[in-house]
Amino acid sequence: RLGLQWDEGPDVGGPHGPYRQSERLELYQDAAYRLLESGHAYRDFMTREELQELRQREQANKTFEHYERRDRDLPSEESEARAAAGEVHTVRLKVPLDGECTLQDLLRGEIRREWAIVDDQVLLKSDGFPTYHLANVVDDHEMGITHVIRGEEWINSVPKHLLLYTALGWEPPVFCHLPLLRNNDANKTKLSKRKNPTSIHYFRDAGFLAPCLVNYLALMGISRAEGEEKMALGDFVDDFDLEDVSLGGPVFDIDKLRWLNARYIREDLSPTALREALREWALSDENLDRIVPLAQPRLQTLSDWGHLTAFFFADDVAPDPELLTLKGKEPAEIVSILQIVTWRLEQLREWNLEALEETLRDCCDRFELKMRDFTRPLYVAISGSASSTPLFDSMLVLGPDLSRMRLRRAVDALGGLSKKRLKATEKQMQALWRD
RNA sequence: GUCCCCAUCGUCUAGUCAGGUCUAGGACACCAGCCUUUCAAGCUGGCGACACGGGUUCGAAUCCCGUUGGGGAUACCA
């Protein structure tokens, strides 16, 4: 969608296959077995329940001590025998009990971390599947990866990875951890779905051009000292130096994105190309064919089309808080309801009419509301008006990303949810969907 | 709690590694003026930052220490 393509993968093939984790299980299990043999790992027979209990106890005591390593020193014969007898177990990494690990990060230089505070990471789950840590190391080695470039959130697990590379007798790659994109909220937390559109589909649906988005994203973290910021991907590739990436976590600036997009529209598109872009975006025959039947019963004149369907071709509909009402409910309750609906919709795998209808009717039932009352604020959130084309169909045409965004904006229009209220609302949802 | 990372205009950033050319440069946003049938665009100008405190040095945004602030990690998720 962004015009980016990977070089190898299950769909495009490549010399380092197979590319599906399930087809590589043997590889991971072999590695785990080797680690077991060489004493770098051990079988852990603790059950999920026991572990959970331990965690709960810790939480209750407000202690944060790590895993107790009960089976770490089990004699190998016993371990072997119990595994052979079919006892369920995981395979854990035997992390040194003392000393410290020194790692090199391309951007940050040397980082030290004491072994005593790193947990005996599970490598192989009880179902035989690897955790990320094992899979990551095995795959990267097998596939000849030279540079591991990933988000900063992984920096603390490098020691475990390093330990795996050495234990398996492999050459570790160069590690480079990039800063995380942040929310534009008061404390600039890690970019989250709840507060931001994180799906590139949203940006497409909202009418941003792919090359612009690539350009903007490239600007986060690297920039030229002066001058032109509008650059094609190729230009970036030419003078990109990984070590130039800046370390502060950047906040996504939608205003700057809009400005850049305006330039792409203005400077890179002929009127014909623009018309084509509009067609690809939302004015395709196919899309219009979906909207026309919804509008037809509600058109008195052809010219009503504009007002009636404008919301299908908009990013934001700026819902009027005065219209976001629900019979017998305070605004605060409406906010919670809208938020819960949003969460329920996020769970949806397929965005089709049946699923939408089922989800929304289910919500309605659980809130013990009448359908016509319940849908009112939803109409306003989605279309910006209390009278519009059918709700389910309209949401279907708009798609998941725009629909969710509009619900979110409706929540904001009503004053939003504080952290506390958000938690309470989450509990409320859990209570309503207990069964 | 503990550990790790980070810190320049409101935001994205240049400058930091190799201290002086930095009364800190650019971009978005904002404000004003010009242009213009409106608006947008364009042009010109303005506002606006080295988190704080100690060192080192003739000299610190830049090096060191501390404080504060922020982020991340602490799973049989990735």
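Throughout, protein chains are lettered first and strands after them, A, B, ... in sequence-line order, and every chain is numbered starting at 1. Only this structure's heavy atoms are used, side chains among them; waters, hydrogens and symmetry mates stay out.
The aromatic ring centres of Y19(A) and W6(A) sit 6.0 Å or more apart.
In this model, the phosphate group of G70(B) is not approached by any side-chain N or O of R182(A) to a distance below 4.0 Å at OP1 or OP2. OP1 and OP2 of A75(B) both lie 4.0 Å or more from every side-chain N or O belonging to K125(A).
Side-chain proximity of E229(A) to A27(B), G70(B), C5(B): nearest is A27(B). Side-chain proximity of K256(A) to the nucleotides G26(B), A78(B), C76(B) is greatest for G26(B). Nearest nucleotide to the D255(A) side chain, out of C4(B), C28(B), A78(B): C28(B). Relative to the side chain of I117(A), the nucleotides A29(B), C76(B), C3(B) differ in distance, and C3(B) lies closest.
Look at the C1' atom in both G20(B) and C39(B): the space between them is 50 Å, to the nearest Å. Remark: the separation of the P atoms in C65(B) and A7(B) is 14 Å, to the nearest Å. Nucleotides G53(B) and G69(B) have their P atoms positioned 16 Å apart, rounded to a whole Å. Distance noted for atom C1' between C34(B) and C58(B): 49 Å (whole Å). When the P atom is compared between C9(B) and G26(B), the two are found 16 Å apart, to the nearest whole Å. For the P atoms, the distance linking C35(B) with G71(B) amounts to 49 Å, nearest Å. Nucleotides A60(B) and U23(B), compared at atom P, are 12 Å apart to the nearest Å. Separating the C1' atom of G48(B) from that of U11(B) is a span of 12 Å, rounded to the nearest Å.
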Task: Pair R24(A)-E142(A), salt bridge (Lys or Arg N to Asp or Glu O under 4.0 Å): steps then yes or no - done: CA-CA 11 Å; R24(A) 300 174 64 80; E142(A) 296 290 333; 5.4 Å; no
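Looking at K230(A) and E267(A), a side-chain N of the basic residue comes within less than 4.0 Å of a carboxylate O on the acidic one, giving a salt bridge.
Between V95(A) and Q121(A) there is no side-chain heavy-atom pair separated by less than 4.5 Å.
Along RNA chain B, the nucleotide nearest to H133(A) and the one nearest to G248(A) differ in position, and the one closer to the 5' end is contacted by G248(A).
Identified under the salt bridge (charged side-chain N to carboxylate O under 4.0 Å, His left out) test for residues 245-256 of chain A, with sequence neighbours left out: E229(A)-K256(A).
Residue S126(A) places a side-chain atom within donor-acceptor reach of the base of C76(B), judged by atom type and a 3.5 Å distance cut-off alone.
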